[in-house]
Amino acid sequence: MIIFTAVYRGLVATGDRLVPSRLRPLWEHPAGPKTVHFYAPVVKWALVIAGLGDLRRPAEKLSIYQSTALAATGTIWARYSLVIIPRNMSLFTVNVFVGLTGYVQLARAIHYQYTHRTAKKNMIKES
C-alpha cells in the first residue's frame, strides 16, 4: 500500500507540472483525475460495454432479473450522482448508460417472453 501511495503521489506531482492551463479546471476539480471520484465512473463503463455486447445475444438467453438490476441501479445511481457533493457528472453519465442498456435488455427479454408465450398458446389451440 505504501508503494502504491508513493507511485500515486509521484504521478499527481508529474501531472501538476504537465497539465496545460486550459485543462487545469478539470485537473483541480473535486471529482477530477486526482480523486477516486474520477476513476470509479471510468471503470464502470465496462458494464455499459458488456450490456452493448449483450445486444447480440439471443433474447431467450437474457435474464430478466439481471436486466432489471442493471436498469434499477443505473437509475438510482444516476439520481444519487446529482445530489452528492461534489456533483459528479461523469458518474451521472455512465449510470444513465448503464440504466439505458438495462432497460433495452429488459424490453428485449420481456418482448421475447410475451411473444413466446403467445406463440405457444396459439400452437396449443391449433392442436
Side-chain angles (χ1 to χ4, degrees):
M1 188 67 171
I2 295 172
I3 294 172
F4 177 75
T5 303
V7 169
Y8 172 76
R9 286 185 181 163
L11 289 171
V12 169
T14 302
D16 282 336
R17 290 191 310 269
L18 299 177
V19 171
S21 60
R22 62 186 170 94
L23 294 178
R24 250 319 137 193
L26 172 65
W27 182 252
E28 299 294 338
H29 191 273
K34 291 167 72 169
T35 69
V36 70
H37 303 293
F38 177 81
Y39 295 101
V42 169
V43 172
K44 199 168 188 177
W45 279 103
L47 288 175
V48 176
I49 293 167
L52 293 174
D54 281 348
L55 289 174
R56 286 181 270 151
R57 179 181 284 186
E60 66 267 12
K61 295 196 182 251
L62 294 175
S63 167
I64 289 179
Y65 296 114
Q66 179 180 342
S67 300
T68 302
L70 282 174
T73 58
T75 302
I76 291 166
W77 286 104
R79 171 67 179 124
Y80 175 75
S81 65
L82 295 177
V83 297
I84 59 171
I85 297 173
R87 184 186 240 181
N88 195 335
M89 295 308 289
S90 61
L91 184 63
F92 172 75
T93 304
V94 74
N95 281 307
V96 165
F97 279 93
V98 166
L100 286 174
T101 56
Y103 285 117
V104 168
Q105 300 297 40
L106 182 60
R108 288 181 62 220
I110 290 172
H111 180 263
Y112 171 79
Q113 293 290 328
Y114 176 75
T115 56
H116 186 42
R117 280 191 202 137
T118 304
K120 199 174 192 179
K121 285 180 185 178
N122 289 340
M123 286 183 357
I124 291 171
K125 285 180 184 178
E126 291 174 3
S127 298

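Small disclaimer: the values here were computed from a predicted structure and weren't measured.
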Practice task
Tell me who clusters with Ile3, hydrophobic residues only, linked when side chains sit under 4.5 Å apart either directly or through other members.
Solution key: Val7, Leu11
Completion exercise
Sorted by chain and number, sequence neighbours left out, salt bridge (Lys or Arg N to Asp or Glu O under 4.0 Å) with Lys34 holds for Asp16, Glu28
Problem - Counterpart residues, ring pair (Phe, Tyr, Trp, His ring centres under 6.0 Å), relative to Tyr112 (two or more places apart) - result: His116
Completion exercise
Besides Tyr39, the hydrophobic cluster formed by Ile, Leu, Val, Met, Phe, Trp and Tyr side chains linked at under 4.5 Å, directly or via other members, contains Phe38, Val42
Problem - Non-neighbouring partners of Trp27 that pass ring pair (Phe, Tyr, Trp, His ring centres under 6.0 Å), sequence neighbours left out - result: none
Practice task
Looking only at non-hydrogen atoms, find the nearest pair between Pro41 and Val94 and report the distance.
Solution key: O-CG2, 3.8 Å
Problem - For the student: nearest non-hydrogen atoms of Ala109 and Leu62, plus distance - result: CB-CB, 4.0 Å
Under 3.5 Å donor-acceptor pairs involving side-chain atoms of residues 47-58, not counting sequence neighbours:
none

Handout entry: Whichever hydrophobic residues join Ile64 through chains of side-chain contacts under 4.5 Å
Key = Leu106, Ile110
Practice task
Treating Ile, Leu, Val, Met, Phe, Trp and Tyr as nodes and any side-chain heavy-atom pair under 4.5 angstrom as an edge, say whether Trp45 and Val98 lie in one connected cluster.
Solution key: yes
Problem - Sequence neighbours excluded, every pair satisfying ring pair (Phe, Tyr, Trp, His ring centres under 6.0 Å) that has a member inside residues 47-81 - result: Trp77-Tyr80
With a cut-off of 3.5 Å and sequence neighbours excluded, list every side-chain donor-acceptor pair involving residues 86-93.
| unit_1 | atom_1 | unit_2 | atom_2 | d |
| --- | --- | --- | --- | --- |
| Asn88 | OD1 | Ser90 | N | 3.4 |
| Asn88 | OD1 | Ser90 | OG | 2.8 |
| Asn88 | OD1 | Leu91 | N | 3.2 |
| Asn88 | ND2 | His37 | O | 2.9 |
| Thr93 | OG1 | Met89 | O | 2.8 |

Problem - Summary of side chain to side chain donor-acceptor pair (under 3.5 Å) pairs that have at least one residue in residues 100-109, sequence neighbours excluded - result: Thr75-Tyr103, Gln105-Arg108
Exercise for the section: Return yes when atom CZ of Arg24 has more than 12 non-hydrogen atoms of other residues, nucleotides or ligands closer than 6.0 Å, and no otherwise. Expected result: yes
Completion exercise
side chain to side chain contact (heavy atoms under 4.5 Å, CB included) filter on Thr14, not counting sequence neighbours, yields Arg17, Leu18
